[in-house]
**Student:** 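Got a structure for you, written out below as C-alpha cells; questions coming shortly.
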There are 2 protein chains.
Amino acid sequence: MNRCLILQSEVQSFIERCMIAVGAKPAHAKSLADVLVAGDYRGHYSHGLNRLDMYVKDIKTKICAKDGEPVVINESVATALVDGCNLLGPVVGNFCMDLAMKKAKDVGIGWVVARGSNHYGIAGYYSMQALKQDMIGICLTNTSPLVVPTRGKECTLGTNPISVAAPSKDGDSFVLDMATSAVALGKIELHHRRGDEIPEGWGCDSQGKISTDPSKVLTGGGLVPIGGCEATGGYKGYGLGMMVEVFCGMLAGSQYSKHIRTWKVTDKVANLAEPGVPVVTAGDPERTNMKKCDELGGIPYHISVVNYMNNMAKDLGVNPLLPTERKVEE
Amino acid sequence: MNRCLILQSEVQSFIERCMIAVGAKPAHAKSLADVLVAGDYRGHYSHGLNRLDMYVKDIKTKICAKDGEPVVINESVATALVDGCNLLGPVVGNFCMDLAMKKAKDVGIGWVVARGSNHYGIAGYYSMQALKQDMIGICLTNTSPLVVPTRGKECTLGTNPISVAAPSKDGDSFVLDMATSAVALGKIELHHRRGDEIPEGWGCDSQGKISTDPSKVLTGGGLVPIGGCEATGGYKGYGLGMMVEVFCGMLAGSQYSKHIRTWKVTDKVANLAEPGVPVVTAGDPERTNMKKCDELGGIPYHISVVNYMNNMAKDLGVNPLLPTERKVEE
C-alpha cells in the first residue's frame, strides 16, 4: 500500500509546470511531458517522471538550450541531417520523426539523422508516431557509455536502443523497443539494493570478466551487450550497439562520440581485458581470415569437402575441383 | 594435415560449372559462385562451397527457377518491391542491392524489399556491395524456422540475419553480419559430434527449456534467440528476429511466412512451454501495463516518487503533484 494513483493529466501538467518554471518554452515542456507520461503509462518508469529532475537540471544549468528550434542542415526528398541545437531530446526527436514521416509519405521512406540532441525518453515513443499514419517507424539513438564491449574492460558503448513499430490489424502493432545491453543499469541497481546476485550475462567487473556480483558491476565494471559473454554471443549485441553508433553518432557527425573515438584507439593495448584476446569490431575476424587466405594463396578446405564435391562433380559430369598441391595445417 | 588449399578462381569456376551443368544460366551461376566464395574467403564455411549441393539440388529438382530475371513490381524514387520470381537467392539479392544503391545515389537512400527469393549465402555479401560506392549497406533476410521464441517451444523464427556494412578510412570498414539466434545450428551439431555440452543460452529442449545437451536441442528442441533465456534478455533477440520478419516477410508479402502465421495463432495455448507464462510479442507487456492503468484510471507511482517530486516542486515554486485518493496494491 505504498503506491498511489495519479491521473495522467496531472502527471502531464506537473512535468510541464516544472519545466516552464525553469524557463523551458511551453511547447518544449509539453513535448517532454508527452514522452515521459508515455514511458510511465507503458510501464517503463525508468524513462518517465522519475527522470524529470534530470531534465529540470539540464535546463536550469543550461546544459540544454531552452531557446530556438531544430534546424535542417541538409536534405534530399528521402533523407535529412538535422541540428538539434542542443535542445531537449523530445523536441529534437519529434522534429526528426515528423520530418521522416513527411518524406515517407512523399517517396515511401524518410531517414533523418540528428546531431546536437539530448536524452529523449523511450525510443519507442518516436517509432510509434508512425503507427498513427499506418507506417512502420524506426528510431535509434546512441547514449552515454555504460556498456563494456566483448573482450574490453571499459564502458565505451551506450545502451543504444533500437526501436521498430509496425502497424497490424485492428489497432494491434509490433513495438520493439530494446536497449542493446543485456539489461538496463536500473536492474543491476535493484539487485544490489536487495543484496541479490545477478544472473550471469548482465554485467562484468572492472577487468571485463562476467560477474554475478552487482557491486562489482556498479563500481568500475559495466553492463555487457545483449548475448552476455563471448561464448553466448555477446559480440552480436556489441555489434548491434556499434551499429547504432554508426547510424546515430558517425552518420550525424554527432558530438556524442567521445566513447567511439576511444574504443578503437590502437595504442590502448594495455587497456584490454586479456592479452592475446584483442577487442575486435564487426568485420575484423573475417579480415583476419582473408589475410590468412591471401598469405596462403588460396582457401583452405578439409579434404573431405573436396572429396564430397568431386563425387558431385562426377554425377554432374563436370571437371573435378582441383586443389593446389600445398597442404595446410589445421 | 587433412586440409588442402584451393585457388579461389578454381572454387569459383567449380561452382559455376556444377550449376551450369544442372541448367543454371551462366550469369546466375556466377552470382552464386561469387557469394559462396566470398563466404569461404571470409571464413564462414557454413555459407560457402559446403552449401553447393543444396543449390544444385534446388535447380535440379526445379525448387528454384532457372529462367527469367527479377521484376520490379512497384517503386518510388527511394523504395521498391521486387518479385524474385523464385530465382536463386544471389540473383535476387544482387538485383535488389543494385537497385537500392542506384536509388541511394539519386535521393540519399534506397530501401528495396523482395518476395519470391531463395537462400542467398552470407547477408554481409550484399551489404558490403555498398562499401564499393562509399555508402552504408544494410541487408536483412528471414529464413526457415530454426529458432524457438522466448517462452515458446516450437521453432517459429528463422535465424534471420542482420547485416550492416559501413565504410571507414583507408579501406577499413564496419561489417556486422549476424544471425539473430545466439549461435548457428552448425555450432550445436559440432558439439554434438564431439560429445561436448553446449553453453547455457544456445538452445532449448522440446519443452522450450534452455538445455546444455546438444542432442536435446537437435531432436525436437531448437536454437534460442540471442540473449538466451528470458532472464538474460532472450526476448530482445526474439524481438530482433521478429523485426527481420516484419521487414522481409510481411513488408514484402513474401510466401516465406508460414512460421509467422503460426506463431501468433491464439488457439495454440496447448502448445506453449509454460501455462501462465504466455508467449508475447514486442509491445505486448506495455499493452498490458496500459490496460492496467486504464482500468485503474491513472498511473500508479510509489509514494516516495511523489514525495521526491513534491520537494522539487517546492524548490521550483510550482503546484505539487496531486495523487488521486485511491491507493493501489503493489
Side-chain angles (χ1 to χ4, degrees), chain A residues 1-8 10 14 17-18 21 40-43 53 76-79 107-109 111 164 166 173-176 178 182 199 201 226-228 231-233 236 239 243 246 281-283 286 289-290 293 296 298-303 312 316 318 321-324 326-328, chain B residues 1-8 10 14 17-18 21 40-43 53 76-79 107-109 111 164 166 173-176 178 182 199 201 226-228 231-233 236 239 243 246 281-283 286 289-290 293 296 298-303 312 316 318 321-324 326-328:
Chain A
M1 274 304 191
N2 45 15
R3 277 151 79 92
C4 61
L5 204 66
I6 310 181
L7 294 177
Q8 281 193 51
E10 169 62 6
F14 179 75
R17 59 189 183 255
C18 287
D40 284 345
Y41 183 44
R42 295 179 68 75
D53 57 346
S76 74
V77 289
T79 64
V107 294
I109 189 170
W111 188 293
V164 175
S173 55
F174 168 82
V175 182
L176 179 68
M178 54 168 271
I226 172 174
T232 52
K236 295 186 177 191
M243 176 191 80
V246 167
T281 192
E286 289 81 4
N289 197 78
M290 290 186 283
C293 289
L296 292 170
I299 304 176
Y301 289 96
H302 195 283
I303 200 77
M312 184 174 72
L316 299 174
V318 304
L321 181 64
L322 200 67
T324 66
R326 198 163 151 210
K327 295 282 178 289
V328 286
Chain B
M1 275 305 191
N2 44 15
R3 277 151 80 90
C4 60
L5 204 67
I6 311 182
L7 294 179
Q8 281 191 51
E10 170 62 7
F14 179 74
R17 59 188 184 255
C18 287
D40 284 345
Y41 183 44
R42 294 179 69 73
D53 56 348
S76 75
V77 289
T79 63
V107 295
I109 190 170
W111 189 293
V164 176
S173 54
F174 168 81
V175 182
L176 179 68
M178 53 168 272
I226 172 174
T232 51
K236 296 186 176 191
M243 176 191 81
V246 167
T281 191
E286 289 81 4
N289 197 78
M290 292 187 281
C293 289
L296 292 170
I299 303 176
Y301 288 97
H302 196 281
I303 200 76
M312 184 173 72
L316 299 175
V318 303
L321 181 64
L322 201 67
T324 66
R326 195 161 154 212
K327 295 283 179 290
V328 284

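All of these numbers come straight from a predicted model, not from anything done at the bench. Basis for what follows: all heavy atoms, side chains included, without hydrogens, waters or symmetry-related copies.
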**Student:** In terms of heavy-atom pairs under 4.5 Å, which option from A:Thr79, A:Leu176, A:Leu321, A:Leu316 contacts chain B the most?
**Tutor:** A:Leu321
**Student:** Top residue by heavy-atom pair count (under 4.5 Å) with chain B, among A:Gly283, A:Gly227, A:Gly108?
**Tutor:** A:Gly283
**Student:** With only heavy atoms counted, which part of B:Ala78 is less than 4.5 Å from chain A, the side chain, the backbone, both or neither?
**Tutor:** both
**Student:** Could you tell me which of B:Arg326, B:Lys236, B:Gln8 has the largest number of non-hydrogen atom pairs under 4.5 Å with chain A?
**Tutor:** B:Lys236
**Student:** What residue, out of A:Met290, A:Met178, A:Met243, has the most heavy-atom pairs lying under 4.5 Å from chain B?
**Tutor:** A:Met290
**Student:** Rounded at 0.5 Å granularity, tell me how far OG1 in B:Thr324 sits from CD1 in A:Ile6.
**Tutor:** 8.0 Å
**Student:** I'd like to verify something: which residue of A:Val77, A:Val164, A:Leu296, A:Ile226 has the highest number of heavy-atom pairs under 4.5 Å with chain B?
**Tutor:** A:Ile226
**Student:** Given a strict heavy-atom distance threshold of 4.5 Å, which part of A:Ala182 is in contact with chain B: side chain, backbone, both, or neither?
**Tutor:** both
**Student:** Using heavy-atom distances under 4.5 Å, tell me whether A:Met312 contacts chain B through its side chain, its backbone, both, or neither.
**Tutor:** side chain
**Student:** What residue, out of A:Ala231, A:Ala21, A:Gly298, A:Gly228, has the most heavy-atom pairs lying under 4.5 Å from chain B?
**Tutor:** A:Gly298
**Student:** Grab the two heavy atoms, one from B:Thr281 and one from A:Phe174, that are nearest each other, plus how far apart they are.
**Tutor:** OG1-CD1, 3.6 Å
**Student:** Name the one of B:Pro323, B:Cys293, B:Pro300 that satisfies side-chain contact (heavy atoms from CB on, under 4.5 Å) with A:Leu5?
**Tutor:** B:Pro300
**Student:** If we define contacts as heavy-atom pairs under 4.5 Å, which of A:Leu322, A:Ile299, A:Ile109 has the most with chain B?
**Tutor:** A:Ile299
**Student:** My understanding is that only residues two or more places apart in sequence, or in another chain, count here; which of them pass ring pair (Phe, Tyr, Trp, His ring centres under 6.0 Å) with B:Tyr301?
**Tutor:** A:Tyr45
